[in-house]
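Some notes on the structure that comes next.
For clarity, every value in this text was computed on a predicted model and none was experimentally measured. Chain letters run A, B, ... following the sequence lines, proteins first, then strands; residues in each count from 1. Hydrogens, waters and symmetry mates are skipped; everything else that's a heavy atom, side chains included, is used.
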Amino acid sequence: MLIATWNVNSIKSRLDLVTRWLEEARPDVVCLQEIKCVDEAFPRAEIEALGYNVAVHGQKTYNGVALLSRAPMEVESPGGLPGDESDEQARYIEAAVSAGDGVVRVGGLYLPNGNPAPGPKYDYKLGWMDRLHAHASARLKLEEPFILAGDYNVIPEPRDARRPENWVGDALFLPETHGAWRRLLALGFTDALRATDEGGDIYTFWDYQAGAWQKNNGIRIDHLLLSPQAADRLVAVRVDKHVRSWERPSDHVPVVIELAGVERSAQSRSLFQAAT
DNA sequence: ATGGCTAGGCCCCCTAGA
């Protein structure tokens, strides 16, 4: 079973690339972030035509998340991250996806950027991370395969940036951000990429500006965190870096994991096969 | 990054991103 996350930076501007990548990668479940549209404006029919069920938690202009699944899914309603009824930003969606004779729970998230820090936006980021911690802790008690995937806007360590010195003082790299990230992992999550590759120079975002892509001046901020039951089944992780070189790309690229012991849909394929 | 792109909005200049 292939599960992916991708910040597409507007689904309307990126629809052609998204369909191209879905046909190429054939993931079973996809978490999309920054769709930047209301639910009604999501290009549902075009995605469904590729064999996906679609669940959307959007808003006008900013943010917005969606889940795509080949298998039937039961979506948590209403969307949004629990813990603050007054929060109107569309940044979290969760569903239980049927997988063989079992279920895989997937939470798709778009964690606030938080800049400039300090300030109200950074306070919102830290508050959001506190709420994510509380929600994740409750979900882990279910002892299910659970994947929290998305754009975390967190550079976990210096090796996750080509130029870490550029990020000192940034909301993505501040000590308080790192503390909240580590508390989340300490609940019992596994950072999927780090479970399979201890090296540096693995990035998921390259800025549009200043030739960042050409210089490989990237950062790793898109992550899949796995519950113990999911980590036990982790087979492989892949960053689809080549998508950044496509025409009119998102500034983020897809990250894909393969879980074993969960039946693959007939049309999906193994990461190992895809890599050859 | 002192912000060099990119996207959305009601839109010819602003906000936001990371």
>> The criterion is salt bridge (charged side-chain N to carboxylate O under 4.0 Å, His left out); which residues satisfy it with A/Arg163, sequence neighbours excluded?
In response: A/Glu165
> Which residues within residues 174-181 of chain A lie with some heavy atom under 4.0 Å of an atom in DNA chain B?
Replying inline: none
>> Between B/dG3 and B/dC14, how far apart are the two P atoms, rounded to whole Å?
In response: 15 Å
> How is the hydrophobic cluster of A/Tyr208 composed, in terms of its other members, when Ile, Leu, Val, Met, Phe, Trp and Tyr link through side-chain heavy atoms under 4.5 Å apart, directly or indirectly?
Replying inline: none
> Are side-chain heavy atoms of A/Pro27 and A/Leu22 found at a separation under 4.5 Å?
Replying inline: yes
> For A/Tyr52, is the NZ or CZ atom of A/Arg70 found under 6.0 angstrom from the centre of its six-membered ring and inside 45 degrees of the ring axis?
Replying inline: yes
> Hey, does the side chain of A/Arg248 come within less than 4.0 Å of B/dC5's phosphate (OP1/OP2), counting only N and O?
Replying inline: no
>> The criterion is salt bridge (charged side-chain N to carboxylate O under 4.0 Å, His left out); which residues satisfy it with A/Glu74, sequence neighbours excluded?
In response: none
> Can you pull the ring pair (Phe, Tyr, Trp, His ring centres under 6.0 Å) pairs that have at least one residue in residues 154-184 of chain A, sequence neighbours excluded?
Replying inline: A/Tyr152-A/Trp181, A/Phe173-A/His178, A/Trp181-A/His223
> Within the pair A/Arg14 and B/dA7, is there a side-chain N or O less than 4.0 Å away from OP1 or OP2?
Replying inline: yes
>> Taking B/dA1 as the reference, what is the distance to B/dC13 when you measure between their P atoms (whole Å, please)?
In response: 30 Å
Please list every donor-acceptor pair under 3.5 Å in which a side-chain atom of residues 128-136 of chain A meets a protein atom from a residue at least two apart or in another chain.
from	atom 1	to	atom 2	distance (Å)
A/Arg131	NE	A/Pro82	O	3.3
A/Arg131	NH1	A/Asp87	OD2	2.8
A/Arg131	NH2	A/Leu81	O	2.7
A/Arg131	NH2	A/Asp87	OD2	3.3
A/His135	NE2	A/Tyr92	OH	3.4
A/His135	NE2	A/Glu94	OE1	2.7

> Say you pick atom P in B/dC10 and the same atom in B/dT15; how far apart are they, in whole Å?
Replying inline: 14 Å
>> With rounding to the closest Å, how many angstrom separate the P atoms on B/dC12 and B/dG17?
In response: 22 Å
> Considering residues at least two apart in sequence or located in another chain, which fulfil the salt bridge (charged side-chain N to carboxylate O under 4.0 Å, His left out) criterion with A/Glu88?
Replying inline: none
>> Would you measure the distance from the C1' atom in B/dC11 across to the matching atom in B/dA16 and give it in whole Å?
In response: 16 Å
>> Rounded to whole Å, please give me the gap between CG in A/Leu15 and P in B/dA7.
In response: 14 Å
> What one-letter contact string describes nucleotides 8-18 of chain B from 5' to 3', where B marks a base within less than 4.0 Å of any protein heavy atom, S marks contact via sugar-phosphate atoms alone, and - marks no contact?
Replying inline: SSS-----SSB
> Can you list every ring pair (Phe, Tyr, Trp, His ring centres under 6.0 Å) pair that touches residues 231-260 of chain A, not counting sequence neighbours?
Replying inline: A/Phe205-A/His252, A/His242-A/Trp246
